[in-house]
Number of protein chains: 2
Amino acid sequence: MRRSKKERQELLKQTIEENPFVTDEELAQEFSVSVQTIRLDRMELSIPELRERIKYVAEKNMQDEVRSLPIEEVIGDIIDIELDKSAISIFDVKKEHVFKRNGIARGHHLFAQANSLAVAVINDEMALTGKADIRFTQPVKENSRVIAKAKVVRSQKGRTIVDVSSFVGSDLVFRGEFSMFRAPSAEKEEIDETRN
Amino acid sequence: MRRSKKERQELLKQTIEENPFVTDEELAQEFSVSVQTIRLDRMELSIPELRERIKYVAEKNMQDEVRSLPIEEVIGDIIDIELDKSAISIFDVKKEHVFKRNGIARGHHLFAQANSLAVAVINDEMALTGKADIRFTQPVKENSRVIAKAKVVRSQKGRTIVDVSSFVGSDLVFRGEFSMFRAPSAEKEEIDETRN
DNA sequence: TCCGATATTAGGACTAGGTACTAAAAAACA
DNA sequence: TGTTTTTTAGTACCTAGTCCTAATATCGGA
């Protein structure tokens, strides 16, 4: 089926986004146009060639790998941290984080950002969440930037209370009180401690 | 500096492993041999060409992506559901769900399973988590199978309380009380309702 | 020191998946 | 109808290879 140029280019963009591994040849067949047309389309849309796309995906992968090693496994980007005191992270809500039906962020992503920030702020070898009291105060839409602020409230014998408030702009969208277990050094402080 | 064949091939393997993006040309210079020699080496060591290597890395990345942001709307597999009453789901804890340091499942995955089950059990167009009171009662290790059981406790004017308990074997590992907002049909029931 | 084996290099033909460019044909529109 | 836009075709060139043949180099042993 032949489509208009505009329509075709829209679909082309989507198709390549979904599957960056597709060749011009295959796309030409898919859209029943010549390979040259596909190439003109890519030009107009500034979509790089197959190999560059693959390379990009691969490079992203490598970066992710190094990123997940040193900065620890945090959801969202930590932009400020004072160990055992406070921390701030940013999380951009993209299409994969929302419900398809209504475009609202799924709760567990906001929870993940907050929880992971609560873990990160603790200056110990190990930190585990014991309990949490959380509130989703406003729905968060796709393309929002969520800023989570964690504050250590108090700390006593292996237990630390961390308050996390998340905002979109000036709106509070999430609040949580996390009760964290901590284990100072390595081995024998066994995590069975986490029994609450 | 010229090395013996064996030595060179050993280094070659390492070099490519570290940086799969290196070309034969660059390797030839690095080892002061001809491009052909590098190619013979790759043959003998069964190392694929640059593009195949890059493609492999990229593909691995894509796989990871689908894994980390589940396509399906529910985290875990629902094995039983009675709308507005109860539901059960299974979630297998794999290496990507645990902290590298201690092999313990990160809290937000257990939360995600429970929260997502609470959403699923509600028989309405839309369900959003308003607040939640949760407890991680025991650490969950890699390769565990977590069974979450959701039960609708009560329901009144657009608000439904869902209790979720998650088990590994017979051990309770997580408990949460979720207060869910529900909107029967589509548009105008505006989600500002979620102000708590 | 010469011999044969192994290792290395050079070169040509071919490949995929393109870029960059020119030119012609087809379709859309005014 | 003429003009503009869009599409197609074709050429030369590119990278990073494969596959193959043939010519050298290098090395160990008799």
Side-chain angles (χ1 to χ4, degrees), chain A residues 1-67 94-96, chain B residues 1-69 71:
Chain A
M1 192 237 293
R2 274 311 186 71
R3 292 166 184 87
S4 76
K5 189 180 177 179
K6 219 174 152 182
E7 215 182 334
R8 186 189 59 232
Q9 292 195 343
E10 198 49 54
L11 264 162
L12 187 81
K13 216 159 92 181
Q14 272 181 248
T15 308
I16 293 178
E17 215 154 299
E18 272 169 39
N19 173 24
F21 299 90
V22 67
T23 64
D24 288 358
E25 188 80 47
E26 289 165 337
L27 289 163
Q29 282 201 275
E30 170 93 23
F31 294 108
S32 312
V33 290
S34 69
V35 179
Q36 282 79 353
T37 302
I38 297 293
R39 287 179 181 162
L40 284 171
D41 284 348
R42 275 202 296 102
M43 290 240 157
E44 286 177 28
L45 300 167
S46 310
I47 296 173
E49 63 168 283
L50 172 69
R51 285 150 183 164
E52 291 305 312
R53 296 194 303 262
I54 292 183
K55 206 166 137 188
Y56 175 78
V57 175
E59 270 166 357
K60 219 175 50 185
N61 195 25
M62 297 301 274
Q63 278 170 25
D64 283 0
E65 243 165 73
V66 265
R67 203 182 332 135
K94 305 216 179 98
K95 113 169 150 289
E96 61 265 30
Chain B
M1 190 237 293
R2 273 313 185 70
R3 292 165 184 85
S4 75
K5 190 180 175 179
K6 218 173 154 184
E7 215 182 335
R8 187 189 57 233
Q9 292 195 343
E10 198 49 55
L11 265 163
L12 188 81
K13 215 158 93 180
Q14 271 181 246
T15 309
I16 294 179
E17 215 154 301
E18 272 169 40
N19 173 23
F21 300 89
V22 67
T23 63
D24 287 357
E25 187 80 49
E26 288 165 338
L27 289 163
Q29 282 202 273
E30 170 93 23
F31 295 109
S32 313
V33 290
S34 69
V35 179
Q36 282 79 353
T37 302
I38 297 293
R39 288 181 180 159
L40 285 171
D41 283 349
R42 276 201 297 101
M43 290 241 161
E44 287 178 26
L45 299 168
S46 309
I47 297 172
E49 64 167 282
L50 172 69
R51 286 150 181 165
E52 292 305 313
R53 296 194 303 259
I54 291 182
K55 207 165 139 189
Y56 175 76
V57 175
E59 268 164 358
K60 218 175 49 184
N61 195 25
M62 297 301 276
Q63 278 169 25
D64 284 359
E65 241 169 74
V66 257
R67 211 190 320 139
S68 69
L69 28 113
I71 335 159

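The chains referred to below are lettered A, B, ... by the order of the sequence lines, with proteins before strands, and numbering in each begins at 1. Just the heavy atoms: all of them, side chains too, but no hydrogens, waters or symmetry mates, feed the values below.
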- Item | Nearest-0.5 Å distance that lies between atom CD in B:Gln29 and atom OG in B:Ser34 | 12.0 Å
- Item | Nucleotide D:dT11, atom P - distance to CZ of A:Arg39 in whole Å | 15 Å
- Query: Between atom CD of A:Glu49 and atom NZ of A:Lys55, what is the distance when rounded to the nearest 0.5 Å?
  - Reply: 9.5 Å
- Task: Please state how far atom NZ in B:Lys55 lies from atom C1' in D:dA16, giving the value in whole angstrom units.
- Result: 14 Å
- Item | Min side-chain heavy-atom separation B:Gln36-B:Arg39 under 4.5 Å | no
- Euclidean distance, B:Leu11 CG relative to B:Ile16 CD1, rounded to 0.5 Å: 11.0 Å
- Item | Rounded interatomic separation in angstrom, taking CE from A:Met43 and P from D:dT6 | 16 Å
Can you tabulate the close N/O pairs, meaning under 3.5 Å, that link protein atoms to atoms of nucleotides 7-9 of chain D?
from  : atom 1 : to      : atom 2 : distance (Å)
D:dT7 : OP1    : A:Arg8  : NH1    : 2.8
D:dT7 : OP1    : A:Arg8  : NH2    : 3.4
D:dT7 : OP2    : A:Arg8  : NH2    : 2.9
D:dT8 : OP1    : A:Arg2  : NH2    : 2.5
D:dT8 : OP2    : A:Ser34 : N      : 2.8
D:dT8 : OP2    : A:Ser34 : OG     : 3.1
D:dT8 : OP2    : A:Thr37 : OG1    : 2.3
D:dT8 : O5'    : A:Ser34 : OG     : 3.4

- Query: How close do A:Gln9 and A:Leu45 get, heavy atom to heavy atom, and via which atoms?
  - Reply: O-CD1, 3.6 Å
- Task: Could you provide the dot-bracket string of DNA chain D, using ( ) for intrastrand pairs, [ ] for crossing pairs and | for bases paired to another strand, with Watson-Crick or G-U pairs below 3.5 Å?
- Result: .|||||||||||||||||||||||||||||
- Message: Please report the distance, rounded to the nearest Å, between CD in A:Glu52 and P in D:dT15.
- Response: 13 Å
- Item | Smallest separation among heavy atoms of B:Pro20 and B:Val57, with atom names | CG-CG2, 4.3 Å
- Message: What is the first contacted nucleotide of DNA chain C and what is the last, in 5' to 3' order, if contact means an atom lying under 4.0 angstrom from a heavy atom of chain A?
- Response: C:dA16 to C:dA20
- Query: Of the non-hydrogen atoms in A:Glu26 and A:Phe21, which two are nearest, and what is the gap between them?
  - Reply: OE1-O, 4.3 Å
- Counting any heavy atom closer than 4.0 Å, what does A:Arg42 reach on the DNA or RNA strands: base, sugar-phosphate only, or nothing? sugar-phosphate
- Message: Any heavy-atom pair between the side chains of A:Ile47 and A:Arg53 that's under 4.5 Å?
- Response: yes
- Evaluate the side-chain proximity of B:Phe31 to B:Thr15: yes if any heavy-atom separation is below 4.5 Å, no if none is. yes
- Query: Checking side-chain contact (heavy atoms from CB on, under 4.5 Å) against A:Leu27, which of A:Leu12, A:Val33, A:Thr37, A:Leu50 comes through?
  - Reply: A:Leu12
- Message: Quiz question: going by heavy-atom distance under 3.5 Å, is there a donor-acceptor pair between the base of D:dT15 and the side chain of B:Arg51?
- Response: yes
- Message: Quick one, A:Val22 and A:Glu30 - any side-chain contact, counting heavy atoms below 4.5 Å?
- Response: no
